[in-house]
Amino acid sequence: MSIFVEVGPWLPDPDGGVGKATDSFVFDCGAGAIANYGAMGISLGRMDKIFLSHLHGDHMSDLTPIYCFGPAYDRHWPLYVWGQSRSGVENPNGNPKYYEDGLGDFCKHFREAMRWHTEAFSFLPTAFPGYEIPTQQSWNTPVPLQPVGDDAANDAYGLVPIELDWTITGLDANGNPDYRNIAYRNNGVTVTHFPVVHDRKGSMGYKLEWNGLSMIYTSDTRPETISIKQAHNGGKGVDVCGTTSPRAATRGSARTSSGPPTSWC
């Protein structure tokens, strides 16, 4: 399952390529996402900000080709990935007491697992001196933008986890958005996160707001009140609400607020 969103005016490529939108976002990247996006003409350079709802394999399996082959194509900067902090679920074996199962843990070991590939594909430089490195302040992220491992902050094989506190609802006492849950804010876009009910602690939904439009993505979750309040959006509502029911998920479809099941990829 995956959703691709672009916003803003189209920016030409100074090197004569097709260019890209002002900002682009991928929400989850399960198996088949990269093939479908490629068929739509969406390049890997436009898949540089990935927001994972949870770490089930069918929601992040295409992270491997996106990360591994981006530098060989047109992503000349790191891959940025948002996702949940550690679940806080106790390890029944007791050592360690809690599972190390947050996004930072995942990205650290993912980078280690891809070492053979990245060294093999580094026959040309993958660090680009002209890349303007974003900061925690410029993107309004809750944590510093620091690649895992030993990659430079301008290296296209840099993998930058932005770990989010999955327990924050982003709602005030009246159930209205309070924006304590900002995951990203730049280029007129605000992406917030909130906990959802799906299998175990740590699953999250996201809301993207831009230019008076809004979208909620809750993935394959169970009905719960936080998503409803986030979609209520202080009385404004949202333009698109993407989620899957168990039956819809078997068809690879998503239910939206504006009509019947629609394929998201």
Side-chain angles (χ1 to χ4, degrees), residues 1-14 17-29 33 36-37 40-53 74-75 77 79-83 131-142 145 160 162 164 168-172 174-194 196 204-219 226-243 254-260 262-265:
M1 183 174 187
S2 186
I3 294 178
F4 180 79
V5 180
E6 288 190 315
V7 302
W10 196 257
L11 303 176
D13 183 350
V18 296
K20 63 176 185 176
T22 300
D23 221 340
S24 306
F25 309 89
V26 177
F27 294 89
D28 281 345
C29 53
N36 288 336
Y37 291 151
M40 295 164 63
I42 299 170
S43 69
L44 292 172
R46 291 157 66 187
M47 303 182 215
D48 60 347
K49 301 182 188 73
I50 298 181
F51 292 78
L52 298 178
S53 61
D74 65 337
R75 196 192 75 243
W77 48 85
L79 182 64
Y80 300 90
V81 183
W82 282 255
Y131 175 62
E132 185 175 344
I133 300 170
T135 65
Q136 180 180 4
Q137 291 71 34
S138 64
W139 280 9
N140 288 276
T141 58
L145 302 178
V160 182
I162 297 94
L164 307 171
I168 298 176
T169 65
L171 300 170
D172 64 19
N174 296 316
N176 296 317
D178 61 14
Y179 293 96
R180 293 185 299 109
N181 57 337
I182 293 175
Y184 173 88
R185 178 176 276 170
N186 190 40
N187 293 321
V189 177
T190 298
V191 179
T192 52
H193 63 94
F194 50 91
V196 296
M204 295 187 302
Y206 294 98
K207 179 161 61 178
L208 183 150
E209 298 173 274
W210 172 78
N211 200 28
L213 301 173
S214 56
M215 179 205 79
I216 273 188
Y217 172 68
T218 63
S219 179
I226 294 174
S227 292
I228 293 172
K229 291 176 181 178
Q230 287 287 353
H232 184 260
N233 207 18
K236 296 181 294 183
V238 293
D239 297 283
V240 176
C241 184
T243 185
R255 297 199 177 278
T256 72
S257 60
S258 56
T262 304
S263 174
W264 290 100
C265 280

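Note that this is a predicted model, so its numbers are computed, not measured. Note that these values count all heavy atoms, side chains included, but never hydrogens, waters or copies made by symmetry.
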Requested in this report: Evaluate the side-chain contact (heavy atoms from CB on, under 4.5 Å) criterion for residues Ile226 and Leu171: first the C-alpha distance (whole Å), next the side-chain angles of each, then the deciding distance (0.1 Å), finally the verdict.
Outcome: CA-CA 8 Å; Ile226 294 174; Leu171 300 170; 4.2 Å; yes
Query - Shortest non-hydrogen separation from Ala21 to Gly8 and the atoms involved - result: CB-O, 4.4 Å
Requested in this report: Please examine the side chains of Val7 and Asn211, heavy atoms only from C-beta on, and report whether any two atoms are closer than 4.5 Å.
Outcome: no
Report summary line: Of all heavy-atom pairs linking Pro134 and Tyr131, the shortest is CD-OH, 3.2 Å
Report summary line: Hits for salt bridge (Lys or Arg N to Asp or Glu O under 4.0 Å) against Asp172, two or more places apart or cross-chain, chain-then-number order -> none
Report summary line: Separation between SG (Cys241) and CE (Met215), nearest 0.5 Å, reads 9.5 Å
Query raised in the report: Quick one: side chain to side chain donor-acceptor pair (under 3.5 Å) partners of Arg75, sequence neighbours excluded?
Result: none
Report summary line: Residues passing the salt bridge (Lys or Arg N to Asp or Glu O under 4.0 Å) test with Lys49, sequence neighbours excluded, are Asp23
Report task. Could you tell me whether the side chain of Tyr37 reaches within less than 4.5 Å of the side chain of Leu44, counting heavy atoms only? Result -> no
Query raised in the report: Of all residues at least two apart in sequence or in a different chain, which pass the ring pair (Phe, Tyr, Trp, His ring centres under 6.0 Å) check with Phe194?
Result: none
Query raised in the report: Quick one: salt bridge (Lys or Arg N to Asp or Glu O under 4.0 Å) partners of Arg185, sequence neighbours excluded?
Result: none
Requested in this report: Evaluate the side-chain proximity of Met47 to Ile42: yes if any heavy-atom separation is below 4.5 Å, no if none is.
Outcome: yes
Query raised in the report: Do Val189 and Glu209 come close enough that some side-chain heavy atom pair is under 4.5 Å?
Result: no
Report summary line: Sequence neighbours excluded, the answer for side-chain contact (heavy atoms from CB on, under 4.5 Å) partners of Ile228 is none
Query raised in the report: Do the side-chain N and O atoms of Lys229 and Asn176 include a donor-acceptor pair separated by under 3.5 angstrom?
Result: no
Query - Heavy-atom side-chain proximity of Val191 to Lys207 below 4.5 angstrom - result: no
Requested in this report: Mind checking side chain to side chain donor-acceptor pair (under 3.5 Å) for Asp13 and listing every partner two or more places apart, or none if nothing turns up?
Outcome: none
Query raised in the report: In chain order, what residues pass the side chain to side chain donor-acceptor pair (under 3.5 Å) check against Asp74, with sequence neighbours excluded?
Result: Ser43
**Report entry** Val196 versus Ser227, closest heavy-atom pair with distance
**Finding:** CG1-OG, 3.6 Å
Report task. Begin with the C-alpha distance, continue with both residues' side-chain angles, and end with the deciding distance and a verdict on side-chain contact (heavy atoms from CB on, under 4.5 Å) for Leu11 and Thr22. Result -> CA-CA 6 Å; Leu11 303 176; Thr22 300; 4.3 Å; yes
Query raised in the report: What pair of heavy atoms forms the shortest contact from Trp210 to Gly188, and how long is it?
Result: CD1-O, 3.5 Å
Query raised in the report: Got a sec, which residues hit side-chain contact (heavy atoms from CB on, under 4.5 Å) with Lys20, two or more places apart in sequence or on another chain?
Result: Arg46, Trp77
**Report entry** Heavy-atom check, side chain of Tyr206 versus side chain of Phe25, under 4.5 Å
**Finding:** no
Query raised in the report: Within the distance-only criterion (no hydrogens, no angle test), does the side chain of Asp178 pair as donor or acceptor with the backbone N or O of Arg180 below 3.5 angstrom?
Result: yes
Query raised in the report: After noting the C-alpha distance and the side-chain angles of Ser2 and Asp28, does the key distance pass the side chain to side chain donor-acceptor pair (under 3.5 Å) rule?
Result: CA-CA 5 Å; Ser2 186; Asp28 281 345; over 6 Å; no
**Report entry** pair Leu52-Val81: side-chain heavy atoms closer than 4.5 Å
**Finding:** yes
Query raised in the report: Which residues pass the side-chain contact (heavy atoms from CB on, under 4.5 Å) test with Pro142, sequence neighbours left out?
Result: Ile162, Leu164
Query raised in the report: What distance separates Asn181 CG from Met204 CE, expressed to the nearest 0.5 Å?
Result: 10.5 Å
Report summary line: side chain to side chain donor-acceptor pair (under 3.5 Å) filter on Ser214, not counting sequence neighbours, yields none
**Report entry** Pairwise distance CD1(Ile182) to OG1(Thr192) - rounded to 0.5 angstrom
**Finding:** 8.0 Å
Report task. Dump the intermediate steps for side-chain contact (heavy atoms from CB on, under 4.5 Å) on Phe27 and Leu208, then the final yes or no. Result -> CA-CA 10 Å; Phe27 294 89; Leu208 183 150; 4.0 Å; yes
Report task. Ignoring hydrogens and angles, tell me if any N or O in the side chain of Thr141 forms a donor-acceptor pair with the backbone of Ala183 under 3.5 Å. Result -> no
Query - ring pair (Phe, Tyr, Trp, His ring centres under 6.0 Å) partners for Trp139, two or more places apart - result: Tyr80, Tyr184
Query raised in the report: Looking only at heavy atoms, which two atoms of Ser53 and Tyr217 are closest? And how far apart?
Result: CB-CE2, 4.3 Å
Query raised in the report: Do Thr190 and Tyr179 come close enough that some side-chain heavy atom pair is under 4.5 Å?
Result: yes
Report task. Kindly say whether Thr169 contributes a backbone atom to a donor-acceptor pair with the side chain of Gln230 at under 3.5 angstrom? Result -> yes
